[in-house]
Protein chains: 2
Amino acid sequence: MGKKKISDAVIRRLPKYYRYLGDLLENGINRVSSNDLSKMTGFTASQIRQDLNNFGGFGQQGYGYDAMNLREEINKILGLNQKFRVVIVGAGNIGQAVANYAGFYEEGFEVLALFDKNPKLIGLRIRDIEIKDLDDLPGYLDDNEIDMGVICTPKAVSQDVADILTSHGIKAIWNFAPTDIKVDDDVAIEHVRMNESLYTLAYYYKQKNDTEE
Amino acid sequence: MGKKKISDAVIRRLPKYYRYLGDLLENGINRVSSNDLSKMTGFTASQIRQDLNNFGGFGQQGYGYDAMNLREEINKILGLNQKFRVVIVGAGNIGQAVANYAGFYEEGFEVLALFDKNPKLIGLRIRDIEIKDLDDLPGYLDDNEIDMGVICTPKAVSQDVADILTSHGIKAIWNFAPTDIKVDDDVAIEHVRMNESLYTLAYYYKQKNDTEE
DNA sequence: TAGATTGTTAATCGATTAACAATC
DNA sequence: TAGATTGTTAATCGATTAACAATC
């Protein structure tokens with residue numbers, strides 16, 4: 001409604017707070033100041049307070065933040081307090097990596113099926129999840145309530161897969177294919193840009209080694 | 001030297017230009033304007049011209065840019081015009097995915113060895129690259145000239161692995177473990193933040209579905 | 001209470017966009 | 001040449017940082 005738009009930069013810092021708060025709790029630490037978080041995350045204390053105050057006053061003057069409470073608040077802000085029913089399309093190394101990743105399940109992301117068109121893979125099970133024939137994807141989406149699709153296919157077919165997913169009601173797409181995918185405005189999409197990351201690394205490597213100022 | 005510092009945001013856009021220029025060339029298109037690139041990338045034409053002019057005047061008034069030339073210039077800027085000798089530490093799904101990814105080789109990244117501590121994996125070959133015992137990593141690094149290490153281990157050991165890599169002269173680390181890693185200032189490091197990406201997706205999914213304003 | 005630390009406003013900084021002269 | 005489009009400066013916008021009153 002009248003809420004001011006939160007910038008993307010803020011949202012992308014929240015997972016980092018969330019992770020460090022989890023680390024603190026694992027170590028039995030329950031009290032944390034913006035200054036503590038600053039040391040951990042590398043963001044300024046001022047920025048951290050600004051970020052959090054976009055969503056509410058979670059701290060207490062003179063004390064700081066309760067780590068568990070703050071973590072739960074961020075959990076809610078990010079929408080991690082719901083279950084996500086997930087299908088993975090493309091059951092190669094990356095698809096399998098996602099299916100196998102335990103941290104995924106801990107936050108409520110439940111992988112229900114993988115799809116591939118490789119006959120050698122169809123029928124196999126990853127973590128007890130069956131790899132199904134890609135041709136069965138539309139029917140599967142019609143018969144099951146799925147929230148999120150993970151695209152782990154080669155780039156040549158990633159847009160087609162996205163089209164199948166969205167035309168069958170999927171509103172969240174996590175894309176590992178090295179390409180941009182176009183979706184309607186009501187679909188959330190995130191790209192894991194491995195190539196971009198690698199090339200950026202190459203650049204900074206070069207900076208540090210070529211031009212030892 | 002006296003060069004003005006290029007902002008990180010600029011660097012992270014370069015790979016996208018690079019990719020779209022490649023697409024154009026594949027389609028036999030050799031001339032491109034900042035306006036064309038704007039339509040493809042979603043960045044403004046003005047921003048694209050600004051970005052490129054940080055590095056030189058690659059265009060021609062009234063004409064635009066020569067796609068092949070511009071692509072080569074970006075290749076050089078990013079430091080992709082050199083070979084990278086790479087080791088992958090952690091030969092699970094992600095490590096194997098990286099080793100198998102063809103786009104990696106096309107840009108001059110050559111994977112020479114994988115390392116793991118799982119006896120079931122040691123001795124296997126991925127793309128004809130042997131998986132070696134993690135214990136042999138320090139010796140291997142001493143005996144071979146390696147530029148880059150890719151960390152695909154669980155987070156509990158990622159810092160230790162990074163320490164081994166850097167203490168044996170590695171100056172570039174590509175980290176897939178879901179944690180921050182500390183390295184000296186002369187080491188370039190890039191994190192592929194899959195968790196952050198996923199949680200951000202959860203947030204935007206929630207925005208689009210909860211608050212149909 | 002005194003000390004600590006938040007929440008929040010104001011100041012600064014940097015990045016993006018707009019505009020247009022230069023020029024192919 | 002006329003038209004197109006860059007390179008580049010100036011204007012705008014937004015994000016970060018600094019500062020401090022509020023208050024636990």
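What you see is a predicted model; the values in this text were computed from it and never measured. Labels below follow one simple rule: chain letters A, B, ... track the order of the sequence lines, proteins then strands, and each chain is numbered from 1.
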Think B:T44 has a side-chain N or O under 4.0 angstrom from the OP1 or OP2 of C:dT17?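 For B:T44, the contact criterion (side-chain N or O under 4.0 Å from OP1 or OP2 of C:dT17) is met.
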Taking for each residue the nucleotide of DNA chain D with the nearest heavy atom, is it A:Y63 or A:F43 whose nucleotide lies nearer the 5' end?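 Result: A:F43.
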With a 3.5 angstrom cut-off on both distances, give the Watson-Crick or G-U wobble partner of D:dA4, or none if there isn't one. C:dT23
Provide the Watson-Crick or G-U wobble partner of D:dT12, both distances under 3.5 Å; none if there is no partner.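 Partner of D:dT12: C:dA15.
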Separation of [N] [atom2] from [X] [atom1] (nearest whole Å):
{"X": "B:I48", "N": "D:dT5", "atom1": "CD1", "atom2": "C1'", "answer": "13 Å"}
{"X": "A:D66", "N": "D:dC24", "atom1": "CG", "atom2": "C1'", "answer": "15 Å"}
{"X": "B:N69", "N": "D:dT6", "atom1": "CG", "atom2": "C1'", "answer": "14 Å"}
{"X": "A:N35", "N": "C:dG3", "atom1": "CG", "atom2": "C1'", "answer": "15 Å"}

Taking the six-membered ring of A:Y199 (Phe, Tyr or Trp), confirm whether the NZ or CZ of B:R19 is under 6.0 Å from its centre and within 45° of its axis.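 Checked: cation-pi criterion not met.
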Could you run through nucleotides 7-15 of chain C and give me one letter per nucleotide, 5' to 3': B if any protein heavy atom sits under 4.0 Å from the base, S if only the sugar-phosphate is that close, - if neither? BBBB----S
Looking only at side chains, do [X] and [Y] share a donor and an acceptor under 3.5 Å apart?
{"X": "B:E73", "Y": "B:Y65", "value": "no"}
{"X": "B:D51", "Y": "B:Y17", "value": "yes"}
{"X": "B:Y204", "Y": "A:D8", "value": "yes"}

Aromatic ring pairing A:Y140/A:F115, orientation class (parallel under 30°, perpendicular over 60°, tilted between):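 Rings of A:Y140 and A:F115: perpendicular, as their planes differ by over 60°.
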Least distance between heavy atoms, A:R49 atom then A:S34 atom: NH1-OG, 3.0 Å
